Amino acid sequence: MTVARRIRFGAVLVTVVLALTGFSSGHKSSGGGGCSSSRSDRSSSSNRTTTYNRNTTRGSGSTASPTPTPTPTATGAPARAEVVTCAGPATSKATVRVTSLASTESTVEVPITFDGASGTVERTFGRVTLKQGETRTIEIPLSDPTKAAAVTGCRLGTVVRG
């Protein structure tokens, strides 16, 4: 390949990468990210939660098994978490699957909010130590098992080092 072709190839490659990441020659940003939606997502990523509602229905009114929803992972988050099952009339604890994103063994805290029809029933967290890349399932109980009947769903907060 000639030098001119390499330069043209490099210029095209840079243009494609910048286009895919949201940058353009007229883009001006006061920091915060490559594309306009990234900036707003990044600033609120630590405040987002995932919801698990055990009353999810599909089709003709039949109750379906809810699909676990992963917690949005903030940049540099030590782990990713998803609700497997939530507390409710049959159980006073949530089951959460936690996967390490850290490069070393670390202890993480997984915040969870148990919601009811009238609002928050309880906020608590589970703690687990994970090796690099390890996935474990933990149970996070309600402090008062009699509150389980009032729980209609679970929300996970951002996983942090504990």
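Quantities reported herein were computed from a predicted structural model and do not represent experimental measurements. What you see below is based on every heavy atom in this structure, not just the backbone, and it leaves out hydrogens, waters and symmetry mates.
- Nearest heavy-atom pair, Ala81 versus Val159, reported as atom, atom and distance to 0.1 Å: CB-CG2, 3.8 Å.
- Between Gly116 and Val121 the shortest heavy-atom distance is N-CG2, 3.6 Å.
- Using a 4.0 Å cut-off between a side-chain N of Lys or Arg and a carboxylate O of Asp or Glu, Lys93 and Glu139 qualify as a salt bridge.
- Side chains of Thr137 and Thr95 form a contact here, defined as non-hydrogen atoms less than 4.5 Å apart.
- Here the closest heavy-atom approach between residue Cys154 and residue Val83 is recorded as CB-CG2, 4.4 Å.
- Remark: Thr120 engages Thr113, Asp115, Arg123, Arg155 in a side chain to side chain contact (heavy atoms under 4.5 Å, CB included) (not counting sequence neighbours).
- Listed by chain and number, the residues in a salt bridge (Lys or Arg N to Asp or Glu O under 4.0 Å) with Glu109 are Arg127 (sequence neighbours excluded).
- Atom CD of Gln132 and atom OG of Ser106 lie 10.0 Å apart (nearest 0.5 Å).
- With sequence neighbours excluded, the residues that form a side chain to side chain contact (heavy atoms under 4.5 Å, CB included) with Thr99 are Arg80, Thr135.
- By the rule that hydrophobic residues join a cluster once side-chain heavy atoms approach within less than 4.5 Å of another member, Phe125 and Val128 end up as members of separate clusters.
- Distance CD1/Ile112 to SG/Cys86: 6.0 Å, rounded to 0.5 Å.
- At least one side-chain heavy atom of Leu130 sits under 4.5 Å from a side-chain heavy atom of Val98.
- Residues Ala87 and Ser92 come closest through the heavy atom pair CB-C, 4.0 Å.
- Residues Val160 and Ile140 fall into different hydrophobic clusters, defined by Ile, Leu, Val, Met, Phe, Trp and Tyr side chains chained together at heavy-atom separations under 4.5 Å.
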Review point. Given Thr107 and Arg161, is the side-chain contact (heavy atoms from CB on, under 4.5 Å) satisfied, shown in steps?
Key: CA-CA 6 Å; Thr107 300; Arg161 292 193 190 277; over 6 Å; no
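- Few gaps surround NZ on Lys147; more than 12 heavy atoms of other groups in view lie less than 6.0 Å from it.
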**Study point:** Stepwise side-chain contact (heavy atoms from CB on, under 4.5 Å) check, Thr124 with Phe114
**Key:** CA-CA 8 Å; Thr124 189; Phe114 294 98; 3.8 Å; yes
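- The minimum heavy-atom distance between Leu101 and Ala77, with the atom names listed, is CB-O, 3.7 Å.
- Looking at Glu122 and Ser143, their side chains do bring a donor and an acceptor atom within 3.5 Å of each other.
- Atom CD of residue Glu134 and atom OG of residue Ser100 lie 7.5 Å apart, to the nearest 0.5 angstrom.
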**Study point:** Chi angles and distances behind the side-chain contact (heavy atoms from CB on, under 4.5 Å) call for Val96, Leu156
**Key:** CA-CA 9 Å; Val96 178; Leu156 291 175; 4.3 Å; yes
